[in-house]
S.K.: 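Pasting in a structure now, in structure tokens, and then I'll have a few things to ask.
None of these values were measured; they are calculated from a predicted model. Residue indices begin at 1 and follow the sequence shown. Excluded from the calculations below are hydrogen atoms, water molecules and symmetry mates; all remaining heavy atoms, backbone and side chain alike, are included.
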Amino acid sequence: MGIKELKGALMFVCNGEFWRMGVIWTISLIRSYFNLFLQTHFARKSKLYDRSPPSVSSASASIRKPLCIITGATSGLGAAVSYALAKEGYYIVLAGRSLDSLSKIVSEIQEQIDDAFVKAFQVDLSSYKSILSFKLSLQQWLLDSDLHCSIQLLINNAGILATSYRITAEQCDKMMSTNYIGPFCLTKLLLPLLEQSHIPSRVVNVTSFTHRSVSSMEVTGETISGQCFSKLSSYPFAHVYEYSKLCLLLFTYELHRQVGLVEKSRSVSVIAADPGVVKTNIMQEIPSCLSCLAYYVLKLLGLLQSPEVGIDSILDAVHAPPETSGVYFFGGNGRTLRSSRLSYNSKLAKDLWDASSQIFLERQLASQDTT
């Protein structure tokens, strides 16, 4: 380790956000597993969901394979779940920022699975313009490919852990945009395609146990966009990450309630999946010596998983029965868990929905003005 790297690591250790990650997040994780243990062994009714892969009826023969969109598909969980679902017969649409990485994943899947159907699109979830462009390109591709203009599965998996404040072209915090606002806008734009599916369709939002670390939350345009963080002397990256994952969870439950109120959306289910701690590149901005140490400790505690194991909760969410919606999968083996008390605050979720919808509308109008 060089002197410069050592100095950077020491400075990072002095940051309170580092200790929040190391202590509070670990407590939240252990608490989740402890609650799962209690529920599994002592609860009168411990709900387990058997996996039920989708089937296409003869009435919908135009859909030869269920079409699945996976964001953040170029590495880690996204790449692992893409491979798993391609192996199960899904038509996989990979969405990611890097064209080179997308091309590599497409080649790897096609090399390993002879009859794999894979398509890649470049999209930056921190940019509404990029998300809209992806949606339009997707629709055109479905039309050109003579495929039914519908989606059977959307997995909002993309997420980042940024250690410094970065502002997007739309004047938002990059981490909040990528982890929450982007998935919200993408889901809103693709909801009509999910509703047009001839078989039950589903949205799976990949969240995190770190949401349990949030004790209170105020919903304003500034907090959702992350603009308020620019006023702080130090970027609270651990807090922002937790906040973004709680927002995604609140959005999951509110979308579940919203689609239940609309007749044509009743075949759309919405589920949250928490993979726990998985060894991916999400900690790439943490000094390497510290991230390696963290992974080592988590491995000793038996809490660290590989992406191939970590996708179990995501696959549980994907393959839960069609009527399953508004639940939180954690721990694999079809197990669900109660998320934090704050995540079930329906008023908070509705306020977040309204504020997020306002941001979505503003970006829609801005995109129309520029075209």
Side-chain angles (χ1 to χ4, degrees), residues 1-3 5-42 46 72 75-81 83-84 157 159-163 175 179 206-215 236-242 244-246 249 272-317 328-340:
M1 183 191 301
I3 295 177
E5 186 179 354
L6 178 61
K7 184 178 179 181
L10 289 173
M11 289 180 64
F12 200 85
V13 168
C14 294
N15 190 324
E17 296 298 298
F18 167 77
W19 293 104
R20 185 173 183 86
M21 290 174 59
V23 178
I24 304 299
W25 287 11
T26 303
I27 292 173
S28 296
L29 179 62
I30 293 174
R31 180 183 173 188
S32 293
Y33 279 111
F34 181 68
N35 290 343
L36 190 67
F37 173 81
L38 293 177
Q39 177 178 287
T40 303
H41 293 86
F42 300 105
S46 182
S75 64
L77 287 167
V81 78
Y83 174 78
N157 163 74
I160 62 171
L161 175 60
T163 57
M175 183 151 55
N179 295 4
V206 181
T207 184
S208 167
F209 60 90
T210 59
H211 81 274
R212 297 185 184 277
S213 305
V214 183
S215 57
F237 58 88
H239 284 80
V240 178
Y241 185 83
E242 302 161 6
S244 69
K245 290 302 181 178
L246 176 61
L249 194 51
D274 181 348
V277 176
V278 181
K279 191 173 183 180
T280 66
N281 62 0
I282 195 167
M283 292 180 68
Q284 61 185 350
E285 295 190 22
I286 308 294
S288 58
C289 58
L290 297 179
S291 60
C292 288
L293 177 62
Y295 282 139
Y296 177 74
V297 172
L298 289 166
K299 187 176 182 180
L300 286 179
L301 293 173
L303 300 174
L304 183 64
Q305 307 170 92
S306 67
E308 291 70 27
V309 174
I311 63 173
D312 277 355
S313 62
I314 300 175
L315 295 179
D316 286 340
Y328 175 83
F329 278 92
F330 178 83
N333 298 317
R335 293 177 291 181
T336 60
L337 193 63
R338 294 274 303 173
S339 50
S340 71

S.K.: Between atom OG1 of T210 and atom CE of M21, what is the distance when rounded to the nearest 0.5 Å?
M.R.: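 Those atoms lie 9.5 Å apart.
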
S.K.: Flag the pair N35 / R31 as yes when at least one side-chain heavy-atom distance between them is below 4.5 Å, and no otherwise.
M.R.: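 In contact.
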
S.K.: If only atom types and distance count, is the side chain of D312 paired as donor or acceptor with the main-chain N or O of G332 below 3.5 Å?
M.R.: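 Judged by distance alone, no pair lies under 3.5 Å.
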
S.K.: Between V13 and W19, does a side chain to side chain contact (heavy atoms under 4.5 Å, CB included) hold up when you go through it step by step?
M.R.: CA-CA 7 Å; V13 168; W19 293 104; 3.7 Å; yes

S.K.: To the nearest 0.5 Å, what is the distance between SG on C292 and CE on M283?
M.R.: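 C292 atom SG to M283 atom CE measures 9.0 Å (nearest 0.5 Å).
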
S.K.: Is the distance between the ring centroids of W25 and Y241 less than 6.0 Å?
M.R.: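 Between W25 and Y241, the centre distance is under 6.0 Å.
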
S.K.: Looking at G331, is its backbone amide N or carbonyl O close enough to the side chain of R335 to form a donor-acceptor pair, meaning the two atoms are under 3.5 Å apart?
M.R.: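 Side chain of R335 to backbone of G331, a donor-acceptor pair under 3.5 Å: yes, one is there.
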
S.K.: Between Q39 (side chain only) and F34 (backbone N and O only), is there a donor and an acceptor less than 3.5 Å apart?
M.R.: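 Looks like no, no N/O pair under 3.5 Å.
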
S.K.: Could you tell me the separation between the CD atom of E242 and the OG atom of S208, rounded to the nearest 0.5 Å?
M.R.: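 Here the interatomic distance stands at 8.5 Å.
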
S.K.: Quick one: does any side-chain atom of K245 pair with a main-chain N or O of V206 as donor and acceptor, under 3.5 Å?
M.R.: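 At least one qualifying donor-acceptor pair exists.
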
S.K.: With rounding to the nearest 0.5 Å, note down the distance linking OG in S32 to CZ in R338.
M.R.: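 Reported value, rounded in 0.5 Å steps: 13.5 Å.
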
S.K.: How many angstroms lie between atom OH of Y328 and atom OG1 of T336, to the nearest 0.5 angstrom?
M.R.: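 The OG1 atom of T336 is 11.0 Å from OH of Y328, to the nearest 0.5 Å.
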
S.K.: Please confirm whether F330 and Y33 have ring centers closer than 6.0 angstrom.
M.R.: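 Yes, the ring centres sit under 6.0 Å apart.
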
S.K.: Has the side chain of S313 got a donor or acceptor atom that lies under 3.5 Å from a matching backbone atom of D274?
M.R.: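 Yes, the answer is positive, given that a donor and an acceptor are paired below the 3.5 Å cut-off.
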
S.K.: Answer whether the closest heavy-atom distance between the side chains of I160 and N179 falls below 4.5 Å.
M.R.: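 Touching, per the 4.5 Å side-chain cut-off.
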
S.K.: Apply side chain to side chain contact (heavy atoms under 4.5 Å, CB included) to I314 and F329, showing your working.
M.R.: CA-CA 8 Å; I314 300 175; F329 278 92; over 6 Å; no

S.K.: Mind checking side chain to side chain contact (heavy atoms under 4.5 Å, CB included) for S340 and listing every partner two or more places apart, or none if nothing turns up?
M.R.: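 For S340 the side chain to side chain contact (heavy atoms under 4.5 Å, CB included) partners, ignoring immediate neighbours, are H211, R212, L246, L342, S343.
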
S.K.: What closest approach, in Å, do L29 and L298 show between heavy atoms, and which atom pair accounts for it?
M.R.: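 Of all heavy-atom pairs spanning L29 and L298, the closest is CD2-CD2, 4.4 Å.
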
S.K.: Is the backbone of T163 close enough, under 3.5 Å, to the side chain of E285 for a donor and an acceptor to pair up by distance?
M.R.: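 Yes; at least one donor-acceptor contact below 3.5 Å.
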
S.K.: Relative to the ring of H41, is the ring of F37 parallel (under 30°), tilted (30 to 60°) or perpendicular (over 60°)?
M.R.: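 Taking H41 first and then F37, their aromatic rings sit tilted (interplane angle of 30° to 60°).
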
S.K.: Which atom names give the shortest non-hydrogen contact between P275 and Q305, and what distance separates them?
M.R.: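 The answer is O-NE2, 2.6 Å.
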
S.K.: Closest approach of T207 and A272, non-hydrogen atoms and distance?
M.R.: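 The answer is CG2-CB, 4.1 Å.
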
S.K.: Of all the heavy-atom pairs spanning A80 and E308, show the shortest one and how long it is.
M.R.: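 That would be CB-N, 4.3 Å.
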
S.K.: I need the minimum non-hydrogen distance between S213 and I24, along with the two atoms involved.
M.R.: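 The answer is OG-CG2, 3.4 Å.
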
S.K.: For a quick test of reading the model, state the closest non-hydrogen atom pair linking I282 to L161 and the distance between them.
M.R.: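 That would be O-CB, 3.6 Å.
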
